[in-house]
Amino acid sequence: MNSQQKIAIAGTGYVGLSMALLLAQHHHVQALDIVPAKVEQLAQGISPIADPDIERFLAESKAGIRSLDFSATLDPAQAYSDAQYVVVCTPTNYDSDHNYFDTSSVEAAIAAVREVNQQAWIVIKSTVPVGYTRQLSQRLQDPRIIFSPEFLREGKALYDNLHPSRIVVGANLTDSAVYAAAQEFAQILRDAADPSELERVNSDGTRSIPVLLVGSTEAEAIKLFANTYLALRVAYFNELDTYAAARGLDSEAIIRGVGLDPRIGSHYNNPSFGYGGYCLPKDSKQLLANYEQVPQNLMSAIVDANQTRKEFIAQEILERIQGLDHPLVGIYRLTMKENSDNFRQSAVQDIIAYLLERGVDLVMYEPTLGESSFMGCPVIQDFAEFERSCSLIVANRWNEELASAAGKVYSRDIFRRD
Ligand SMILES: NC(=O)c1ccc[n+]([C@@H]2O[C@H](COP(=O)([O-])OP(=O)(O)OC[C@H]3O[C@@H](n4cnc5c(N)ncnc54)[C@H](O)[C@@H]3O)[C@@H](O)[C@H]2O)c1
């Protein structure tokens, strides 16, 4: 176990908050955010995001059951000035004008650190373009920058860090000081994992959590290739499902038969309206942009397949309301997954836009939304009223709540799981 360190976290979203609570088990952690409301909530021990382990850690810490050395602040000097590590967990949205990630928040956070602290090791946890850390380090003439990809799933953000699939730290390993810092940070992450993980046996027979120390560019590539593979897999089963639906075949039977090959497997194969959420759409586009002059077919296809799928789903919906007198289409939930608390870049939003362009009347049912309208469409808060008023209900994911309206529901959720 490493000695206690002072660690600052920039950004208290899914990645930053889970990192902060994870590391505060053994270290002194100051988490900084630029949004006062988030910091105020955290100061009261309330999680701004729905995540069972984050909520549990905060509650147990408040009740004195769990010891966490953690506080949140808006003041960069307080957070950064004496930190030994600063973990940057700020957004990197895809900028469609430049066809690249917008990394300005990462650079703003690093600039704020360097104003008050030249010595801290900066660990970028935000997802960045391939080659970014090395170029930034050269541009800023700052060798003390490391990249460590984050693999968590929303809703299980802290769980996935307590039980990590792997720990990857990327840095300029030819520099012995950088190597030592990368190794130490990997150890900090490993020590923070749930103790049961140190005993686990992996599918390849190895024990404990796999730890990879690699170049920063390789680490960035690991993150983007992993997410693009997940997007590929979703797109593949969605396109299989499109084929089955278009030809009147039993999609479920085909997927089951395909998955019984152990090389393929029966996991992560449930058709949906498209891959979505904050990461898969933007990360696959960024990887495609990174290919530049490198020959490829698949990367473009993975990006394009999602659009084609969403247009197919929208057409299917249009066909189902054709000929109806004043049809009203109800969108059941804006989220990507059951039990999710956010709908950033959810696939159904593109379907809504497509239907609105074609003049379809829509209403929404989204209990987590405090607004009375979304994308110009009314939001109905009462499910019974929603069910009564809609001619067709469109649901990316099934929920038992829909059982009474099953005859009206359009969904491609075959296996009724994420
Ligand atoms: N959400 C995921 O599932 C996930 C998984 C792996 C990697 N990532 C990557 O991690 C990064 C963060 O993702 P997220 O989902 O946690 O984002 P988020 O939007 O939930 O949180 C980001 C936080 O950073 C704050 N912030 C912005 N600029 C800041 C600054 N200069 N200083 C301090 N705080 C600042 C924002 O106010 C916000 O609270 C992104 O690059 C994302 O691609 C996300």
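Atoms within a ligand are numbered from 1 in the order they appear, just like the ligands themselves. Positions are given from 1 along the sequence. FYI, side chains are in, hydrogens and waters are out, and symmetry mates aren't considered; it's all heavy atoms of this structure.
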Are any of the N/O atoms on D283, whether in the backbone or the side chain, positioned under 3.5 angstrom from an N/O atom of ligand 1?
no
Distance-only N or O hit between ligand 1 and R344, under 3.5 Å
yes
Does the salt bridge (charged side-chain N to carboxylate O under 4.0 Å, His left out) test come out yes or no for R333 and E401, once each step is laid out?
CA-CA 11 Å; R333 306 302 312 264; E401 191 176 26; 5.9 Å; no
With heavy atoms of K223 as the reference, note each atom of ligand 1 found under 4.0 Å away.
6 (C)
Of all the non-hydrogen atoms in the protein, which one sits nearest to atom 31 (N) of ligand 1, and at what distance?
S105 O, 3.8 Å
The protein heavy atom nearest to atom 4 (C) of ligand 1 is C279 SG, 3.4 Å
Shortest heavy-atom approach to atom 25 (C) of ligand 1 - which of D160, V128, T90, D33:
D33
Could you list the atoms of ligand 1 found under 4.0 angstrom from a heavy atom of V35?
37 (O)
What is the nearest protein non-hydrogen atom to atom 1 (N) of ligand 1, stated with its residue, atom name and distance?
E154 OE2, 2.9 Å
Quick check: R153 and ligand 1, any N/O pair under 3.5 Å apart?
no
Side chains of Q187 and Q183 only: does a donor on one sit below 3.5 Å from an acceptor on the other?
no
Could you pull out the closest heavy-atom pair between G13 and K38, with the gap in Å?
CA-NZ, 4.3 Å
N/O of K282 under 3.5 Å from N/O of ligand 1, yes or no?
yes
Among T127, I9, N227, T103, the residue with a heavy atom nearest to atom 9 (C) of ligand 1 is T127
Using atom types as modelled and distance alone, determine if a side-chain donor or acceptor of N238 lies under 3.5 Å from a backbone N or O of S272.
yes
Regarding D413 and R416, does a basic nitrogen lie under 4.0 Å from an acidic carboxylate oxygen?
no
Just to confirm my output: which protein heavy-atom neighbour is closest to atom 5 (C) of ligand 1, and how far is it?
L152 O, 3.6 Å
Apply side-chain hydrogen bond (donor to acceptor under 3.5 Å, both in side chains) to Y94 and D283, showing your working.
CA-CA 8 Å; Y94 190 75; D283 291 2; over 6 Å; no
Kindly indicate, with the supporting measurements, whether the criterion side-chain contact (heavy atoms from CB on, under 4.5 Å) is fulfilled by Q25 and L68.
CA-CA 5 Å; Q25 296 174 104; L68 287 181; 4.1 Å; yes
Give, for atom OG of S411 and atom CZ of F273, the distance between the pair rounded to the nearest 0.5 Å.
5.5 Å
Side-chain H-bond candidate by donor/acceptor type, Y332 with N396, under 3.5 Å:
no
List the closest protein heavy-atom neighbour of atom 24 (O) of ligand 1: residue, atom name, distance to the nearest 0.1 Å.
G11 CA, 3.4 Å
Flag, side chain of K223 to backbone of E150, donor-acceptor distance under 3.5 Å
yes
Could you tell me the residue and atom name of the protein heavy atom closest to atom 28 (N) of ligand 1, and the distance to it rounded to 0.1 Å?
I34 CD1, 3.4 Å
Atoms of ligand 1 under 4.0 Å from any heavy atom of E150, numbered from 1 in the order shown, are 6 (C), 7 (C)
Taken to the nearest 0.5 Å, the spacing of L402 CG from K408 NZ works out to 11.5 Å
Donor + acceptor pair across side chains of N399, R397 (<3.5 Å):
no
Only heavy atoms of K38, strictly under 4.0 Å: list the atoms of ligand 1 that pass.
38 (C), 39 (O)
Per-atom filter on ligand 1: closer than 4.0 angstrom to a heavy atom of L32 are 32 (N), 33 (C), 34 (N)
Compute the centroid of each ring, for F237 and then for F415, and state whether the two points are separated by less than 6.0 Å.
no
Among all protein heavy atoms, pick out the one at the shortest distance from atom 42 (C) of ligand 1; state its residue, atom name and that distance to 0.1 Å.
Y278 CE2, 3.5 Å
Output the list of atoms in ligand 1 that are nearer than 4.0 Å to some heavy atom of T92, sorted by atom number.
40 (C), 41 (O), 43 (O)
Distance under 4.0 Å to a non-hydrogen atom of P91: what atoms of ligand 1 satisfy this?
22 (C), 24 (O), 27 (C)
Tell me: protein heavy atom nearest atom 8 (N) of ligand 1, and distance?
V15 CG2, 3.5 Å
